[in-house]
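Here the structure comes first, spelled out in structure tokens, and everything after it is commentary.
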Amino acid sequence: MPRGLVPVLSAANFVIGMGAFLVIGALAPLARDLLMTPSEAGWVLTSYALSYAVLSPILVAATGGFGRRRVMAFGMALFGLAALGSAFAPTQETLFAARALAAAGAGLTTPVAAAVAAGLARPEARGKVLAMVFFGLTLAQVMGVPAGSWIAYTYGWRVAFGLVAVLAAGCATLIWMRVPAGLSFQPVRLADLASVLGNGRLMLAIGFTAVFLGAIYVPFTYLAPLLEEKMSLGRNGVTAALVVCGLGAVAGNFAGGWVADRLGPARTLIGLACLQVAIMPLLSLLPISLPLAMALFFVWNACGYGFIAGQQMRLVVLAGTQAPVALALNAACIYVGAALGAVIGGWVVAGAGLAALGVAGGVTCLLAVATILVSARLSPVDTGPLRT
């Protein structure tokens with residue numbers, strides 16, 4: 001493993017995470033500036049998520065013959081240019097188009113970074129290395145998204161996107177400098193992609209990510225306007241709440257791996273889904289005391305992001321030699337879930353108001369419980385890799 005490569009890949013994921021999700025904290029000022037309702041503004045996240053989910057597996061497969069350094073540097077540069085386009089977008093439609101372009105860049109960078117890290121790491125250290133690479137995405141929840149929110153409220157949401165563009169340019173340069181030239185192994189092929197997509201049991205296991213995160217993003221997408229309306233929080237309060245959510249995500253990421261090692265991935269995922277069914281309806285009780293609300297946000301996100309290690313462990317066993325494809329689709333399902341949650345949350349806000357988001361998220365998560373229960377019954381992890 002070349003020295004300094006993992007931190008560079010993690011930093012790239014941090015910038016991508018910040019650029020993807022800063023709109024959650026910036027939703028209220030963005031909506032006011034572009035004369036959008038909260039439910040309409042939710043499509044800024046939805047357009048990105050849907051584009052990532054559709055484009056990422058196809059683009060990664062289509063560029064399998066190109067050098068990995070070239071693909072990642074191009075993807076990061078494209079992400080930065082799209083962030084710059086978002087900063088100068090004059091209309092809603094232009095902003096949505098720029099977000100779709102950003103998703104294409106991110107969809108090339110993140111899965112290929114995982115493949116490079118896994119390919120260069122020693123087999124006995126592969127899990128640890130992957131966790132470090134993806135730590136950037138989790139860290140973005142702690143620092144990047146709240147920072148983007150604070151900048152959006154203080155200087156405007158366009159400045160926040162401009163900062164992402166600058167950071168992305170720096171990461172593209174570092175990738176070109178640190179990733180070894182000539183890496184050409186192909187982690188995802190079009191034939192493998194078609195094979196996994198045709199495997200019903202494996203796709204059900206992968207689909208848990210979309211359903212579980214979709215339920216969480218029903219309230220999370222609209223957290224900023226919810227806190228403004230119900231808790232009377234402004235810039236500093238919304239930023240603090242997002243920091244607490246991010247800290248919960250980091251804690252859950254590490255704790256979830258520890259639990260999955262001891263209880264097994266399926267039991268861990270079942271337990272986390274059940275906990276979300278119970279936790280999210282509490283968001284509909286706002287306003288409550290600020291310390292109690294912060295504690296709720298921490299636990300909610302810890303239980304939410306605790307699924308990552310268990311889900312990846314399970315997919316690696318179930319997919320066997322097709323694990324890289326399954327993990328790429330699993331990453332796409334993160335954005336499918338974000339898109340579904342944003343859409344459902346938009347319907348809830350338009351029809352029943354912001355106060356109903358917590359209950360709606362809990363009810364939606366019942367589907368995640370059903371998904372993992374059926375998947376665990378059809379595909380127990382101790383049976384070995386699935387076959388199509």
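Throughout, residue positions are numbered sequentially from 1 according to the sequence presented.
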TODO: For the pair L329 and L315, evaluate side-chain contact (heavy atoms from CB on, under 4.5 Å) and give the outcome as yes or no after the intermediate values.
DONE: CA-CA 10 Å; L329 288 170; L315 293 180; over 6 Å; no
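- Counting only distance, with no hydrogens or angles, the side chain of Q276 and the backbone of A273 share no donor-acceptor pair below 3.5 Å.
- Residue pairs meeting the ring-ring contact (aromatic ring centres under 6.0 Å, His included) criterion with at least one member in residues 289-312, sequence neighbours excluded, are F212-F307, F220-W300.
- I288 approaches L286 most closely through the heavy-atom pair CG1-CD2, 3.7 Å.
- Not counting sequence neighbours, the partners of R158 by the salt bridge (charged side-chain N to carboxylate O under 4.0 Å, His left out) test are D33.
- Cluster membership check: F96 shares its hydrophobic cluster with F21, using side-chain heavy-atom separations under 4.5 Å among Ile, Leu, Val, Met, Phe, Trp and Tyr.
- No single ILVMFWY cluster, assembled from side-chain heavy atoms under 4.5 Å apart, contains both V343 and L340.
- Residue L81 shares its hydrophobic cluster (ILVMFWY side chains chained together at separations under 4.5 Å) with no other residue.
- Annotation: R178, atom CZ; neighbour count of heavy atoms from other residues, nucleotides and ligands within 6.0 Å does not exceed 12.
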Open item on the list: One pair to check against side-chain contact (heavy atoms from CB on, under 4.5 Å): S51 and R99. What are the steps and the verdict?
Closed with: CA-CA 8 Å; S51 299; R99 293 291 284 166; over 6 Å; no
- [ ] For L213 and I216, run side-chain contact (heavy atoms from CB on, under 4.5 Å): C-alpha distance rounded to whole Å, both residues' side-chain angles, the deciding distance at 0.1 Å, then the answer.
- [x] CA-CA 5 Å; L213 284 181; I216 292 172; 4.2 Å; yes
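- Distance alone, capped at 3.5 Å, places no donor-acceptor pair between the Y222 side chain and the L357 backbone.
- Around atom CH2 of W43, no more than 12 heavy atoms belonging to other residues, nucleotides or ligands sit under 6.0 Å away.
- Counting heavy-atom neighbours within 6.0 Å of R377 CZ, excluding the residue itself, gives a total of 12 or less.
- Side-chain atoms of S47 come within 3.5 Å of backbone N or O of V44 as a donor-acceptor pair.
- A donor-acceptor pair is defined here as one N or O able to donate and one able to accept, closer than 3.5 Å; such a pair exists between the side chain of N199 and the backbone of L202.
- Atoms OG1 and CZ, on T154 and R235 in that order, are 3.5 Å from each other to the nearest 0.5 Å.
- Distance alone, capped at 3.5 Å, places no donor-acceptor pair between the T94 side chain and the A89 backbone.
- In this structure, R314 contributes its side chain and P265 its backbone to no donor-acceptor pair below 3.5 Å.
- Around atom CE of M294, more than 12 heavy atoms belonging to other residues, nucleotides or ligands sit under 6.0 Å away.
- The cluster map of Ile, Leu, Val, Met, Phe, Trp and Tyr, joined by side-chain heavy atoms under 4.5 Å apart, puts V336 and W347 in different clusters.
- To the nearest 0.5 Å, atom CG of residue L247 and atom CG of residue L242 are 11.0 Å apart.
- Hydrophobic clustering, with ILVMFWY side chains joined whenever heavy atoms are under 4.5 angstrom apart, groups F161 together with V159.
- In summary, of the residues considered (L174, T110, L108, I175), a side-chain contact (heavy atoms from CB on, under 4.5 Å) with M76 occurs for I175 alone.
- One N or O on the side chain of S56 and one on the backbone of G107 form a donor-acceptor pair closer than 3.5 Å.
- Summarising the geometry, atom CG belonging to L27 is positioned 11.5 Å from atom CG belonging to L226; distances are rounded to the nearest 0.5 Å.
- R68 contributes a side-chain N or O that, together with a main-chain N or O of F66, makes up a donor-acceptor pair within less than 3.5 Å.
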Task: Residue pair S375, R201: steps toward the side-chain contact (heavy atoms from CB on, under 4.5 Å) verdict - done: CA-CA 7 Å; S375 178; R201 290 187 294 158; over 6 Å; no
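- Looking at every heavy atom in both residues, A28 comes nearest to E228 through CB-OE2, 3.5 Å.
- The cluster map of Ile, Leu, Val, Met, Phe, Trp and Tyr, joined by side-chain heavy atoms under 4.5 Å apart, puts M72 and M177 in different clusters.
- Distance alone, capped at 3.5 Å, is enough to place a donor-acceptor pair between the S284 side chain and the V359 backbone.
- Not one N or O on the side chain of S10 forms a donor-acceptor pair closer than 3.5 Å with the backbone of V6.
- To the nearest 0.5 Å, atoms CG (L9) and SG (C171) are separated by 9.5 Å.
- Residue P225 is tested with V238, T37, L354 for a side-chain contact (heavy atoms from CB on, under 4.5 Å); the sole match is L354.
- Between the CZ atom in F79 and the CG atom in L84 there is a gap of 12.5 Å [rounded to 0.5 Å].
- Put simply, CD1 on I270 and CZ on F208 are 8.5 Å apart, with the number rounded to the nearest 0.5 Å.
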